[in-house]
2 protein chains.
Amino acid sequence: MLSSENTGVPARTVERLVLYRRLLNGLTEQGVEFIHSHEIAEKANNSAAQVRRDLMAIGYTGNPARGYAVNDLVRSINGLFEQKRDQKAALVGIGKLGRAILGYFALRQARPRIVAAFDSDPAKGQGEFAGCPCYPVDALTSVIARDGITVGILTVPADFAQPVTDLMLVAGVRGILNFAPTPLKTPAWAVVDNVDIATKLEKVAFFC
Amino acid sequence: MLSSENTGVPARTVERLVLYRRLLNGLTEQGVEFIHSHEIAEKANNSAAQVRRDLMAIGYTGNPARGYAVNDLVRSINGLFEQKRDQKAALVGIGKLGRAILGYFALRQARPRIVAAFDSDPAKGQGEFAGCPCYPVDALTSVIARDGITVGILTVPADFAQPVTDLMLVAGVRGILNFAPTPLKTPAWAVVDNVDIATKLEKVAFFC
DNA sequence: GTCTGATTGTGAAATGATTCACAATGTGAA
DNA sequence: TTCACATTGTGAATCATTTCACAATCAGAC
Ligand SMILES: NC(=O)c1ccc[n+]([C@@H]2O[C@H](COP(=O)([O-])OP(=O)(O)OC[C@H]3O[C@@H](n4cnc5c(N)ncnc54)[C@H](O)[C@@H]3O)[C@@H](O)[C@H]2O)c1
Ligand SMILES: NC(=O)c1ccc[n+]([C@@H]2O[C@H](COP(=O)([O-])OP(=O)(O)OC[C@H]3O[C@@H](n4cnc5c(N)ncnc54)[C@H](O)[C@@H]3O)[C@@H](O)[C@H]2O)c1
C-alpha cells in the first residue's frame, strides 16, 4: 500500500514536493527569482535539511550562493509528475462530501482531473455536477474502461466501500483515495490512501 | 507538531487504536467474545505483530489461548480517551466541506462533539446547521472561551487559515484539524494536523 | 494431572525517516 | 584576482516505526 517501488521517491517526499511547488507558485511573478532551503522550510514548517533532502530525491541541484532558481525548481517538480500528467480520476458517491470535493477540483482544474462521477441514487447519477458528468453506478465499469480512468475517489457509505472498490479495480483503476472509514482489501499492486477524518479529529483531541 | 509527549502513546498507534475500536464495535452483539491479534490485523489490513505492539502501548493484556476479550479491549481503548472525553470542538468555515463535516459528525454524535460553527458570511453565521449553532466570526473568541472549546476544525479558504488560527489559539483552542492547503504557524504547544486532500490525490496518482 | 499446540508479550533486529555536521562550492566584495 | 562567507549536497548519526523470533503462557484434550 502506497510504497515507493515506483520511482524511488518516498511517499512522504512526494507529498512535501507538492507542497513546495504550491508555496513557490506565483513567487516569480512577485519578483522572487531565487530561494534558499531555509526559506522554503520556513514556509513549509519544516527544516532546511529536510528540504534539501527532498530536492536531492528528484536530483534537483541548487547553487551554494544563490540558492534554488524558483522557476526551474517548479519545472523540476512538475517533471516528476510528467508521466502521470494526463491521468484521469473518477469519484464514486455524490453525497455531501463527494460534492464538496467535486466542486473543489472542478474549480481549480487540479490534477488528476475528475472526469466522471457515479452514484447509486438515480437522481444523482445523471446530468452533471460542477461540470463533471454523472452516471449511475451500473455504468461504472464501462465508463472507467472507456475513458481510461486510473484513479478513484471513494465517498460512498462505509458498507459500500469494498464492493465499489472491487468494481473499480476490475474496471482499470489502480489507485484509490478512500474517505470511507473502512480498510480496503485490495491486491498488492493497487495504491490506496485513506483519509479518515473522524479518526484524525479524535487524534488531535487526544493530543491536546 | 502532533508529538506524543502527552502520554507516551505514539500518534500512529492512537490512530490505529481508534480503528481497532471501530472494527470491534458490534462484534460482541454478533456473539464474538474473543479475538486474536491476527484476526484484528486481517480486518485492519496490518500485521498481527503490529496489533500486539499497539495493544502493548496501552498496557492491555490478552490471553495466550483465548486471545483478547472484545468487550474488555474496547473498554480499554476507551479508557485511553477517558480524560479527553468531554472535549468540545468548533468548526470555522461553513462552506461546502464544512457543511459536509458538520452533517457527518452531528449524525454520528462522534467525539469530540462539534458544538459551534463560525462563518464570516452573515448569511451562514446565524441560526444552526445540522443541529449545531452557527455564529459570525466576530463571536469566535467569546464563544470558544465561553463554551470551553479546545479543538478547532478549519475549513476556510487558504488565505484566512492563518488569521483564523491565530484567533482560535488566543481564544483557548489547543488543537486544530486543518483542511486548508496552508502550513499553519503555531506555537510549539499547539497540536496541528493537516488534511490536504489535493496533495493526497496527487500522491495516489503519482504512485499508480 | 500432564501434555500439546497455538498465541501472547516483548527484547532485538531491520527498516525507514529525519537531523547533524561538514567539505565543496559559487558569488559578491575588496 | 583573491578572499571570505553563507549555502549546498551528502555521508553518517540519530530517532522512529515495524517486523522478527522466541520464551512464557494458558485452555483444552487425553
Ligand atoms: N461527510 C464527512 O465529513 C465525512 C467525514 C468522515 C467520513 N466520511 C465518509 O465519507 C463517505 C461519504 O460521506 P457523506 O457524508 O458524503 O455521505 P452521503 O450519504 O452524503 O453520501 C454518500 C453517497 O453515496 C451514494 N451511494 C451509496 N451507495 C452507493 C454505491 N453503491 N455506489 C455509488 N454511490 C453510492 C449515496 O447515494 C450518496 O449520494 C462515507 O463513507 C463517510 O463515512 C464523510
Ligand atoms: N471542498 C473540498 O473538497 C476541498 C478540498 C481540498 C481542500 N479544501 C480546502 O478546504 C477549505 C474549504 O473549502 P470549501 O470547498 O468548503 O470552500 P467554500 O468556499 O465552500 O467554504 C469556505 C467558507 O469559509 C467562509 N469564510 C471565509 N473567510 C472566513 C473567515 N475569515 N472566517 C470564517 N469563515 C470564513 C466562507 O464564507 C465559506 O462559507 C479551503 O481552504 C479549501 O482549500 C477543500
Side-chain angles (χ1 to χ4, degrees), chain A residues 1-20 24 32-70 72-73 76-77 183 188 193-194 203 207, chain B residues 1-20 24 32-70 72-73 76-77 183 188 193-194 203 207:
Chain A
M1 186 206 286
L2 211 54
S3 73
S4 56
E5 286 155 21
N6 234 346
T7 55
V9 184
R12 293 288 194 53
T13 293
V14 171
E15 284 190 350
R16 284 189 299 261
L17 287 168
V18 171
L19 171 61
Y20 301 157
L24 297 175
V32 181
E33 276 196 77
F34 288 89
I35 192 165
H36 291 296
S37 59
H38 69 264
E39 295 170 304
I40 298 178
E42 146 91 14
K43 290 174 189 291
N45 269 358
N46 64 162
S47 69
Q50 173 129 84
V51 170
R52 294 202 300 273
R53 265 270 175 260
D54 289 337
L55 299 192
M56 212 172 102
I58 57 170
Y60 186 76
T61 206
N63 172 310
R66 293 180 175 283
Y68 304 96
V70 176
D72 213 37
L73 175 51
S76 200
I77 296 176
D193 201 3
N194 299 297
K203 182 178 66 167
F207 283 108
Chain B
M1 186 204 287
L2 211 55
S3 72
S4 56
E5 287 157 21
N6 233 344
T7 55
V9 184
R12 293 289 197 45
T13 294
V14 169
E15 283 189 351
R16 284 189 300 261
L17 287 169
V18 171
L19 171 62
Y20 300 157
L24 296 176
V32 181
E33 276 196 77
F34 288 90
I35 193 165
H36 291 297
S37 60
H38 68 264
E39 294 171 303
I40 298 179
E42 145 89 16
K43 290 174 189 289
N45 269 358
N46 64 163
S47 69
Q50 174 134 88
V51 170
R52 292 201 300 274
R53 267 268 176 262
D54 289 339
L55 300 193
M56 211 171 103
I58 55 169
Y60 187 77
T61 206
N63 172 310
R66 294 180 175 282
Y68 303 95
V70 175
D72 213 37
L73 175 49
S76 199
I77 296 175
D193 201 3
N194 300 296
K203 181 178 67 167
F207 284 109

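Chain naming here is simple, since letters A, B, ... match the order of the sequence lines and numbering starts at 1 in each.
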Output the rounded distance in Å from [atom1] ([X]) to [atom2] ([N]).
| X | N | atom1 | atom2 | result |
| --- | --- | --- | --- | --- |
| B:D54 | D:dT19 | CG | P | 10 Å |
| A:Q50 | D:dC15 | CD | P | 16 Å |
| A:N45 | C:dT18 | CG | P | 14 Å |

Any chance you could measure [X], atom [atom1], to [Y], atom [atom2], to the nearest 0.5 Å?
| X | Y | atom1 | atom2 | result |
| --- | --- | --- | --- | --- |
| B:I77 | B:Y20 | CD1 | OH | 8.5 Å |
| A:N63 | A:Y68 | CG | OH | 10.0 Å |
| A:N46 | A:R53 | CG | CZ | 13.5 Å |
| B:L24 | B:L19 | CG | CG | 9.0 Å |
| B:Q50 | B:T13 | CD | OG1 | 7.0 Å |

Nearest to the [X] side chain among [options], which nucleotide is it?
| X | options | result |
| --- | --- | --- |
| B:A65 | C:dT19, C:dT27, D:dA27 | D:dA27 |
| A:R52 | C:dA21, C:dG9, D:dT18 | C:dA21 |
| A:P64 | D:dT25, D:dT7, D:dT19 | D:dT7 |

N or O in side chain of [X] less than 4.0 angstrom from [N] OP1/OP2:
| X | N | result |
| --- | --- | --- |
| A:Y68 | C:dG26 | no |
| A:N63 | C:dT27 | yes |
| A:R16 | C:dT18 | yes |

Sugar-phosphate only, base, or nothing, as touched by A:T61 at under 4.0 Å among non-hydrogen atoms: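 Sugar-phosphate only.
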
Sugar-phosphate only, base, or nothing, as touched by A:R12 at under 4.0 Å among non-hydrogen atoms: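 A:R12: backbone/sugar contact only, no base atoms under 4.0 Å.
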
Side chains of A:F207 and B:V14 in contact at under 4.5 Å (non-hydrogen atoms):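 They are in contact (side-chain heavy atoms under 4.5 Å apart), so the answer is yes.
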
Non-hydrogen side-chain atoms of B:L55 and B:R52 separated by less than 4.5 Å: no

Given DNA chain C, 5'-ward residue of the pair B:M56 and A:N46, judged by closest heavy atom: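 Its nearest nucleotide being more 5', the pick is B:M56.
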
Polar side-chain contact A:R53-C:dT19 base: donor and acceptor under 3.5 Å: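 By the distance-only test, yes, there is a pair.
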
Give every pair of a protein N or O atom and an N or O atom of nucleotides 28-30 of chain C that lie under 3.5 Å apart, one pair per line with the distance.
from: C:dG28; atom 1: OP1; to: A:R66; atom 2: NH2; distance (Å): 3.3

Contact residues, residues 35-44 of chain A to DNA chain D [heavy atom, < 4.0 Å]: A:H36, A:S37, A:H38

Polar side-chain atom of A:E39 near backbone of A:H36 as donor-acceptor pair, under 3.5 Å: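 Checking the backbone N and O of A:H36 against the side chain of A:E39, a donor-acceptor pair under 3.5 Å is found.
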
Derivation and outcome, side chain to side chain contact (heavy atoms under 4.5 Å, CB included), residues A:Y60 and A:D72: CA-CA 9 Å; A:Y60 186 76; A:D72 213 37; 3.4 Å; yes

